[in-house]
Amino acid sequence: MRIDRWRGCAVAVAALLMGGTLPAMAQDAATIAAQGNGKGAAPCQTCHAPDGGGQASGGFPRLAGENAAYLQAQLDAFASGTRDNPVMKLQASALTEAERKALAIYFSKMPAVATPDAGGSTPFADPEHLGETLATRGRWSKQVPACEQCHGPGGVGVGADFPPLAGQSANYLAAQLKAFGSGSRHNDPMGLMRHIAQSLGDRDIDAVAHWFAAQPFPPKESRP
Ligand code: HEC
Ligand code: HEC
């Protein structure tokens, strides 16, 4: 009896020394994703879907399988306002820093998926292959590099800085390009996306967004 109590105590002390609540934290993220945190953050999955795949019609992005540091940076940016979105400001501000971190890790560990119907309900006609040209070659007359140079081949994403565009909904991608262009999203390192977005017209944006939405994610070669 006495030994048991001592053991419980030792486990608690060890947990505290190790930074406390790591196993509990993972649990918390799953609970918040499904039920909210009871302090103003809504269940993430109502908008981002139970598998983290997002919803094309609402412009709700896929979070599953994205880089944890990238996701956390976005949550911080919503809270601080360098990424201006009223819906996500409410969510991110209602989360503690530890909760934002735990949720970023939680979604990054979910199996990568493409958003269902990422291209939208009506097929996008691009007979001149404008989207593919911008993605793979860029437009040097306007100093726009190929998107793939930073976002990886087929837009699969590169590390924490360059998020995947493949399989993300066209709706969402186009909205982000417009947000970078207007400056309502200005959390990109060194303003890398701002100049690019400002150099594209509406038709360019729609075309390139649809091209990336149609690319496979996870990329075929990384599938088991
Ligand atoms: C009411 C709907 C709604 C809820 C609930 C919601 N989100 Fe969002 N989320 C959005 C929308 C809309 C966007 C896109 C915002 C924009 O256009 O900048 C977004 C974007 C994001 C992004 C940026 C993704 C990227 O690729 O840059 C992250 C991260 C995120 N949400 C995490 C969460 C988490 C974590 C929760 C739960 C605590 C949550 N969201 C709850 C609607 C929602
Ligand atoms: C010089 C590097 C670079 C090039 C070239 C580039 N991007 Fe980006 N892009 C970035 C960075 C960095 C971010 C992440 C910004 C952040 O941290 O919020 C980003 C973010 C994005 C996002 C937001 C993704 C999300 O999940 O919210 C979209 C959409 C995007 N880029 C589209 C494009 C398109 C389309 C092109 C080609 C026309 C392109 N990018 C070319 C660097 C680049």
Side-chain angles (χ1 to χ4, degrees), residues 29 31-37 39-49 52 54-55 58-79 82-95 99-108 115 130-131 133-139 142-152 155 157-166 168-181 184-197 199-200 204-213:
T31 309
I32 296 171
Q35 296 166 24
N37 72 349
K39 288 178 251 149
C44 319
Q45 65 176 41
T46 354
C47 297
H48 293 283
Q55 293 181 54
F60 305 140
R62 160 203 61 222
L63 308 178
E66 305 251 341
N67 179 281
Y70 171 78
L71 291 177
Q72 191 181 349
Q74 300 310 308
L75 287 170
D76 293 346
F78 286 127
T82 55
R83 184 171 173 182
D84 185 18
N85 180 270
V87 175
M88 277 308 300
K89 177 161 188 96
L90 218 70
Q91 309 306 322
S93 317
L95 297 167
E99 285 171 338
R100 293 204 286 268
K101 179 170 189 175
L103 282 159
I105 294 171
Y106 172 76
F107 281 108
S108 75
T115 299
L130 182 58
T133 307
L134 282 167
T136 59
R137 288 189 229 151
R139 181 176 291 148
K142 295 246 167 125
Q143 289 166 330
V144 174
C147 320
E148 286 190 333
Q149 285 199 359
C150 291
H151 291 279
V158 179
D161 287 329
F162 306 108
L165 308 177
Q168 192 66 280
S169 79
N171 228 354
Y172 170 75
L173 294 175
Q176 295 315 300
L177 287 166
K178 287 174 185 159
F180 283 124
S184 74
R185 177 170 176 182
H186 56 275
N187 63 324
D188 47 326
M190 299 178 288
L192 285 175
M193 278 307 301
R194 178 152 211 192
H195 153 76
I196 291 170
S199 310
L200 300 177
D204 298 327
I205 288 181
D206 279 346
V208 79
H210 277 89
W211 190 82
F212 279 116

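Atoms within each ligand, like the ligands themselves, are counted from 1 in listed order. Note that the numbering runs from 1 along the sequence shown for the chain. The shown structure was predicted, so the numbers you read here are calculated from the model rather than taken from an experiment.
Of the polar atoms of Thr46, none of the N or O atoms is found under 3.5 Å from an N or O of ligand 1, judged by distance alone. The shortest N or O to N or O distance between Gln176 and ligand 1 is below 3.5 Å. Between Arg185 and ligand 1, no N or O atom pair is found at a separation short of 3.5 Å. Considering both main-chain and side-chain atoms, Arg62 never comes within under 3.5 Å of ligand 1 through any nitrogen or oxygen pair.
Counting only non-hydrogen atoms, the option in Val144, Leu165, Asp161, Leu63 that gets closest to atom 11 (C) of ligand 2 is Asp161. Distances from atom 5 (C) of ligand 2 to the heavy atoms of Cys150, Ala179, Gly157 show the closest one on Cys150.
Residue contacts with ligand 2: Leu134 is excluded, as none of its non-hydrogen atoms falls under 4.0 Å. At least one heavy atom of Pro145 sits closer than 4.0 Å to an atom of ligand 2. Put simply, no part of Glu66 is less than 4.0 Å from ligand 2, judged by heavy atoms. Residue contacts with ligand 2 include Pro163, since one or more of its heavy atoms lies under 4.0 Å from the ligand. For the pair His151 and ligand 2, a heavy-atom separation below 4.0 Å is found. Distances shorter than 4.0 angstrom do not occur between any heavy atom of Ala77 and any atom of ligand 2.
For ligand 1, the atoms lying closer than 4.0 Å to a non-hydrogen atom of Tyr70 are 25 (C), 26 (O), 27 (O). Those atoms of ligand 1 that come under 4.0 Å of a heavy atom in Gln74, given as number and element, are 27 (O). Applying the 4.0 Å criterion to heavy atoms of Tyr172 picks out, from ligand 1, the atoms 14 (C), 24 (C), 25 (C), 26 (O), 27 (O).
In terms of protein heavy-atom proximity, atom 31 (N) of ligand 1 is closest to His48 NE2, 2.9 Å. Protein heavy atom in closest approach to atom 4 (C) of ligand 1: Cys47 SG, 3.4 Å. Of all protein heavy atoms, the one closest to atom 23 (C) of ligand 1 is Arg83 NH1, 3.5 Å.
In summary, Asp76 and Arg83 do not engage in a salt bridge, as defined by a charged side-chain N under 4.0 Å from a carboxylate O.
Residue contacts with ligand 2 for Ile196 involve side-chain atoms from C-beta outward but no N, CA, C or O (heavy atoms, distance under 4.0 Å). Contacts of Ala175 with ligand 1, taken as heavy-atom pairs under 4.0 Å, are absent altogether.
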